[in-house]
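Letters A, B, ... are given to chains in the order of the sequence lines, protein chains preceding strands, and every chain is numbered from 1.
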Amino acid sequence: MSGVITGGWSFVIAAYSLTGAGFLIYAISLIMRLRETK
Amino acid sequence: MKTAWIFVVLGVAFLVAGSYLGLFVAPAEEYMGNVQRIMYVHVPTAWNWMLAVLYAFGAAIAFLFTANAKWDARLEAGLEVSTLLAFLLCCQGSIWAKPTWGVWWDWDPRLTSVAVLLFASIGIIALRGFVDDPHRRAVWSAVATIIASVDLPIVYYSVKWWNSLHQQQSSPQTVSSQFHLPLRLNAFGVLFLMIGFIMLRTRVANMNRARETALPPMTEHAGEIA
């Protein structure tokens, strides 16, 4: 046991994808709500 | 409105640049390896989440002092964006925790105090949905936001006050200089995106309020009168 984490790219991709998806979905919801209020 | 979109575009540009550097240019950390690259989105989300909570807190105080509906719209926007950031923060942290701590979640003081504020924010948003009277809704949510914000200093100092599994706060002073640029770019990226979102969401809240107050009062016998 070296205490060094090897690999881990799947976790990195998951974190970045989730963040991007969260911002994108929120932006889409804002656009839709802005259109509704017009 | 145009300014808000400029902030959103700037935020995306900074995030793309910072994430590219964080994923493909910055070296892997000595012990955590590639998993450490999650820090480039996790830490900027945490910093800006705290700013969003502070913004909502300030808007709540300002509303209680002025009773101006514009502050209530800002509170509504700050609350919603802070909830989004808190949700992302918990998910990113959980994804980081699994390979580094061996568990997806731990009832550690830092994680628990963030979760408390996340659920408090969701509760306040739900509360706003239940109250029909705009003034009462604004007062109740302002008071609830102020009470919930007491948790923010607990979140910040939790890693210092208690023996937390979560590491101490990360900042450019506590990480290697090779990690500075992607961390800073993403911090500004999330900041600009957050400002843009808050501005747009405030507009939605203002327009909803205007529509709500412009409607004639509903009466039981409205059908009969017509």
Side-chain angles (χ1 to χ4, degrees), chain A, chain B residues 1 4-5 8 11-12 15-16 19 22-23 28-42 44-45 77 80-81 83-85 87-100 102 186 189-190 193-194 196-211:
Chain A
M1 290 282 282
S2 62
V4 177
I5 298 168
T6 53
W9 271 108
S10 55
F11 292 101
V12 177
I13 292 165
Y16 278 75
S17 305
L18 187 124
T19 307
F23 286 142
L24 183 68
I25 291 167
Y26 189 69
I28 292 169
S29 87
L30 275 179
I31 292 167
M32 287 172 72
R33 282 183 281 177
L34 280 165
R35 282 188 181 168
E36 270 173 28
T37 52
K38 273 181 187 171
Chain B
M1 183 84 158
W5 285 113
V8 171
V12 171
L15 273 172
V16 168
S19 298
L23 289 170
E29 201 267 343
E30 193 178 351
Y31 296 104
M32 280 189 279
N34 289 317
V35 171
Q36 174 269 340
R37 297 181 196 278
I38 296 173
M39 179 192 77
Y40 302 123
V41 283
H42 183 62
T45 305
E80 195 174 281
V81 175
T83 306
L84 168 74
L85 292 176
F87 173 73
L88 292 177
L89 186 63
C90 287
C91 293
Q92 294 158 352
S94 191
I95 294 168
W96 190 347
K98 182 61 181 166
T100 52
N186 275 357
V190 180
L193 206 54
M194 180 186 78
F197 282 168
I198 288 177
M199 288 171 80
L200 292 169
R201 185 60 184 83
T202 304
R203 188 177 167 82
V204 171
N206 276 326
M207 288 168 91
N208 281 340
R209 172 90 177 209
R211 199 171 49 179

Closest approach of [X] to [Y] (non-hydrogen atoms, all atoms of both residues):
X	Y	value
L30(A)	L200(B)	CD1-CB, 4.0 Å
I38(B)	V12(A)	CG1-CA, 3.9 Å
C91(B)	L18(A)	CB-CD2, 3.3 Å

Legend entry - Contacting region of I31(A) [heavy-atom separation from chain B under 4.5 Å]: side chain
Legend entry - Under the side chain to side chain contact (heavy atoms under 4.5 Å, CB included) test, residues paired with A27(A) that sit two or more places apart: F197(B)
Between these two chains, chain A and chain B, I want each donor-acceptor atom pair under 3.5 angstrom written on its own line with its distance.
residue : atom : partner : partner atom : Å
I5(A)   : N    : Y31(B)  : O            : 2.8
Y16(A)  : OH   : R37(B)  : O            : 2.7
T19(A)  : OG1  : Q92(B)  : NE2          : 2.8
Y26(A)  : OH   : E80(B)  : OE2          : 2.6
R33(A)  : NH1  : E80(B)  : OE1          : 3.2
R33(A)  : NH1  : E80(B)  : OE2          : 3.1
R33(A)  : NH2  : E80(B)  : OE2          : 2.8

Inset, instruction - Could you check which of L89(B), V41(B), V12(B), L23(B) has the highest count of heavy-atom pairs closer than 4.5 Å to chain A? - result: L23(B)
